[in-house]
Every structure is written in C-alpha cells, then in structure tokens.
Amino acid sequence: DAKTTQPNSMESNEEEPVHLPCNHSTISGTDYIHWYRQLPSQGPEYVIHGLTSNVNNRMASLAIAEDRKSSTLILHRATLRDAAVYYCILNGNTPLVFGKGTRLSVIA
Amino acid sequence: DAGVIQSPRHEVTEMGQEVTLRCKPISGHDYLFWYRQTMMRGLELLIYFNNNVPIDDSGMPEDRFSAKMPNASFSTLKIQPSEPRDSAVYFCASSPVGLANEKLFFGSGTQLSVL
C-alpha cells in the first residue's frame, strides 16, 4: 500500500485556520487522497477526498500539490469540536489502511 | 438512515468466554469492514465483505476470531475463547461500493474488555 507521512501532533488556536500537511511521495496515478478524522470516543468520520483538483466541502478544503506528492487539509476556522486525530489515507480501490494520523489540539 | 449500528456499545467479559459483536450496515451498502483499534497498533483492518462474501480475512489475528455476514443487513464478529489481549475497540464500517472514490461510514464501536 502507498504510504503517507503526517506530523504526530499539531496545535491551533480557536477560530484560526489550520493547515494539516500530508506527504505521499509514492502515490500512484489512480490513488485518491482521503481524509478522515476521529473525535474522542467515536469512530472515524469522513472529512474530504480528492484526486487531482482542490476540493471544498462544508467541513474543510483539500489542497493537492500539482505533482500529487503532498496535500494539505485546511480547516478554515478551528473550533474546540475540531480537536481530533486526522488521518490522511491513499485509496487505490482497496480497503482503507489507517496510519497514526495527526492529533490536533485546539486551544480556546 | 440511522448509520452503521453496532452492539453492544460496551462488553466486559472474562478470559475464556465467547464474545459476539454485532453490526448492522447502512442499507444498500455492498461492502462491510471490521476494524480493531488499540493504543499500541492503532486501527487495523480485520476482515471485509462484499455482497455478504468474505473477501480478505488476512487481518484476522488468530483462529479464535471468526466473522460472518448471513445477510446484507447483519454481520457478527466472534471471539472464542477470548483473551485479555483482545481488549480493544472494534469498529464496523460500510460503504456503497468498494471503489477508491467512495466514503466509508463507521459505527460508534464496541469497547471490549477481557479480564
């Protein structure tokens, strides 16, 4: 499976934007980039995914580098409820393989 | 839709006992996945089904673990006999089709404690 690299943890102030990076230098042409997050005591939940173009939804934005070797999940205005572990996963039509993710702390 | 439903939410049992975890996927979803999460190993895929047929069970740790999907709306994960090292949170997830462009929907998990 293609692998991703994420920082172990990040911290953000409430109501400020957060940029969560992910490196995936071995991505293949058919791999989609998925982001999930896991709030405390809950199952993972889908955040966003994309292939080549940047994507926006009500939760976040996904910025994908032109060479697709990295991507950034953008939370436009962090709230306390966004404190979670964020997973960046490459999906090449096989079951999702979760790494350790980035633990995001949001400070009031 | 109520989402993926798992039961029980919590299970405490003694070593050697049989444990059965249950999952109801979202109606119309063709794929069902069982994951296990521990602090040491993170989220691990145990097994997944397509149209009720097991496709890959290479993640099932031992013969003590078995999973079934008798119909499109129900799956079980059984551990017999259970051991303390099986203590973990077990998640069930489903997706409409198993393609790279699809989302996975997770249940709330079953917290299993084997004493």
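All values reported here derive from a predicted model rather than from experimental measurement.
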*asked:* Would you say that more than 12 heavy atoms from the other residues, nucleotides or ligands in this model lie under 6.0 Å from the CG of B:Asn71, or not?
replied: yes
*asked:* With a 4.5 angstrom heavy-atom cut-off, is it the side chain or the backbone of B:Glu44 that approaches chain A, or both, or neither?
replied: neither
*asked:* Has A:Tyr36 got a side-chain atom pairing as donor or acceptor with B:Leu104's backbone, closer than 3.5 angstrom?
replied: yes
_Does any backbone or side-chain atom of B:Leu43 lie under 4.5 Å from a heavy atom of chain A? Answer side chain, backbone, both or neither._
both
*How about A:Tyr46 and B:Phe106: are their ring centres within less than 6.0 Å of each other?*
no
*More than 12 foreign heavy atoms under 6.0 Å from CZ of A:Arg103: is that the case here?*
no
*Which heavy atom of A:Lys100 sits nearest a heavy atom of B:Met40, and at what distance?*
NZ-O, 4.3 Å
_B:Tyr48 OH to A:Leu96 CG distance, which is reported to the nearest 0.5 Å_ = 11.0 Å
*If every non-hydrogen atom of B:Glu102 is compared with every non-hydrogen atom of A:His34, which pair is closest and at what distance?*
O-CE1, 3.2 Å
*Transitively linked via ILVMFWY side-chain contacts under 4.5 Å: A:Leu80 with A:Met59?*
yes
*Give, for atom CD of A:Gln42 and atom CZ of B:Phe91, the distance between the pair rounded to the nearest 0.5 Å.*
9.0 Å
*Heavy-atom distances under 4.5 Å only: say whether B:Tyr31 touches chain A with side chain, backbone, both or neither.*
neither
_Let me check something: do B:Leu21 and B:Val12 share a hydrophobic cluster, defined by ILVMFWY side-chain heavy atoms less than 4.5 Å apart, either directly or through other members?_
no
*Please round to the nearest 0.5 Å and tell me the distance separating atom CD1 of A:Ile48 and atom NZ of B:Lys103.*
10.0 Å
*Taking everything shown except A:Glu66 itself, do over 12 heavy atoms lie less than 6.0 Å from its CD?*
no
_Flag if over 12 foreign heavy atoms under 6.0 Å of CG, B:Asp63_ = no
_Applying a strict under-4.5 Å side-chain criterion to I, L, V, M, F, W and Y, I'd like to know whether A:Leu20 and A:Tyr87 cluster together._
no
*Where on B:Arg9 is there a heavy atom nearer than 4.5 Å to chain A: the side chain, the backbone, both, or neither?*
side chain
*Taking everything shown except B:Glu14 itself, do over 12 heavy atoms lie less than 6.0 Å from its CD?*
no
